[in-house]
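Counting starts at 1 for both ligands and their atoms, in listed order.
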Amino acid sequence: MGLSGAGGLGHISPMYSQALNTATGPADSSEAAQRFQERIDAEERVEPNDWMPEAYRRTLIRQISQHAHSEIVGMLPEGNWITRAPTLRRKAALLAKVQDEGGHGLYLYAAAETLGASREELVEQLLTGRAKYSSIFNYPTLNWADIGAIGWLVDGAAIMNQIPLCRCSYGPYARAMIRICKEESFHQRQGFEIMTTLARGSPEQKAMAQDALNRWWWPSLMMFGPPDSASQHSDASMRWKIKRFTNDSLRRKFVDATVPQGHYLGLTFPDPALHFNEATGHWDFGEIDWEEFRRVLAGEGPCNRERLAARRRAHDDGAWVREAALAYADKHRPAERAAA
Ligand code: FAQ
């Protein structure tokens, strides 16, 4: 089942809902739009001051801001374990990783600002529950092995999806993604190393690694989005070369890359249908529970409420910092003008 079932969600409070927007607007057939498409087809980069169709701008603001929100909300499940990391080395690496995610969010908000969306407006959409962020961050981190599984699987999925975004047609997004992907690959290694240590440890540690894989596998596959048949934005985004691959093709690449890694760890995947297809050279996998995906997007995942409550609290607690920064800027503005 695809996302088409997400329509009748009116009963869910918008406060926690990541409800669906309407699809991208109708194709612009003007001469300017045709010239724009020719530039895209010729692999030219689009920069902030260039003319662009309104639907292209809206699509980018939507995707980049959802991506930024994902990075910021994505700090929460792992932040939960910073104080309980088992060693100083693990703590330092996790702290650095979570800090990187905050940085990624900021580059991405800055990229969205080049399209005319203000940071305040985007943050407001997140805090009021009107904006989406990745479904994956609505699942809980129950034990230390979850930190390994997030690095290995969630960052692994993020890299698979984001490497092609380094070639996105919109310059500021593509350039932000180059740096983000470099950092994500460190994150993935950090997670795989935790999983390796646990998988080679005591039977209890190996069981923790297996349990974490069991819980994070299917939600990681959902990160790639609805199946192509239900992906409302893919056609336009592929035409504009914002997306270079469809949701299903990236999901398949991720499964092909990750299954041998799990087997190397001596772990099994929670999917009885998973098998190597000799004819296609790919790993075939079972049906994703799209109903669960729909519920998480509708605000009914295990941690949606908790995540938004934590972001709101952080925003309120940070009010004095924003006020102080503005007061400082005001105080120094006349001096800067006089010096100019
Ligand atoms: N969760 O028509 P499509 C990370 C929404 S960063 C929630 O296929 P599209 C780093 C979609 O937005 C992870 N919503 O849409 C990290 C759309 O909603 P709308 C985030 C989802 O845009 C690691 C609707 O469903 N990565 O993990 C999801 O063509 C560890 C219809 O879908 C990015 O954002 C989902 N899983 O393709 C941080 C990458 N999937 O706007 C901390 C950039 C779909 O109509 C720790 N984004 N939706 O209301 C993309 O590549 C694309 O936006 C897709 C979706 C592929 C996510």
Check ligand 1 against [X] and write out every atom of the ligand that is under 4.0 Å from a heavy-atom position of the residue.
X: Y173; value: 43 (C)
X: S70; value: 13 (C), 20 (C)
X: F224; value: 56 (C)
X: E184; value: 10 (C)
X: D155; value: 23 (C), 30 (C)
X: V154; value: 23 (C), 30 (C)
X: Y133; value: 1 (N), 7 (C)
X: P226; value: 8 (O), 32 (O), 40 (N), 44 (C)

Consider only side-chain N and O atoms of [X] and [Y], and report whether a donor and an acceptor are under 3.5 Å apart.
X: N277; Y: D284; value: yes
X: H67; Y: R62; value: no
X: H282; Y: D256; value: yes

[X] heavy atom under 4.0 Å from ligand 1:
X: H187; answer: no
X: E78; answer: yes
X: K97; answer: yes

Checklist entry - Looking at ligand 1, does any of its N/O atoms fall within less than 3.5 Å of an N/O of Q66? => result yes

Checklist entry - Does any N or O atom in M222 lie less than 3.5 angstrom from one in ligand 1, N or O only? => result yes

Looking only at heavy atoms, is any part of [X] under 4.0 Å from ligand 1, and if so is it the side chain, the backbone, or both, or is it neither?
X: N161; result: side chain
X: H104; result: neither
X: N247; result: side chain
X: K132; result: side chain
X: A158; result: side chain
X: Q232; result: both
X: I136; result: neither

Tell me which one of [options] gets a heavy atom nearest to [atom].
atom: atom 40 (N) of ligand 1; options: G79, G225, S220; value: G225
atom: atom 57 (C) of ligand 1; options: E71, R62, R58, M223; value: M223
atom: atom 55 (C) of ligand 1; options: Q63, R244, K243; value: K243

Item to check | Charged tip of K253 within 45° of F245 ring normal and under 6.0 Å | outcome: yes

Next on the checklist: Can you classify the ring geometry of H104 versus Y107 as parallel (below 30°), tilted (30 to 60°) or perpendicular (above 60°)?
Outcome noted: tilted

Item to check | Among H187, M223, E184, the one residue meeting side chain to side chain contact (heavy atoms under 4.5 Å, CB included) with V154 | outcome: M223

Item to check | Residue that, paired with D248, satisfies side chain to side chain contact (heavy atoms under 4.5 Å, CB included) out of P227, P226, S234 | outcome: P227

Next on the checklist: Before you tell me yes or no, could you show the steps for K243 and N247 under side chain to side chain contact (heavy atoms under 4.5 Å, CB included), namely the whole-Å CA-CA distance, both residues' side-chain angles and the distance that decides it to 0.1 Å?
Outcome noted: CA-CA 9 Å; K243 281 166 92 161; N247 300 354; 2.8 Å; yes

Within 6.0 angstrom of [X] [atom1], more than 12 heavy atoms from elsewhere:
X: F276; atom1: CZ; answer: yes
X: R322; atom1: CZ; answer: yes
X: R179; atom1: CZ; answer: no
X: N49; atom1: CG; answer: no

Checklist entry - Is the shortest distance from a Lys or Arg side-chain nitrogen in R215 or D211 to a carboxylate oxygen in the other one below 4.0 Å? => result yes

Next on the checklist: What I'd like to find out is whether the side chain of L265 reaches to under 4.5 Å of the side chain of W152, using heavy atoms alone.
Outcome noted: yes

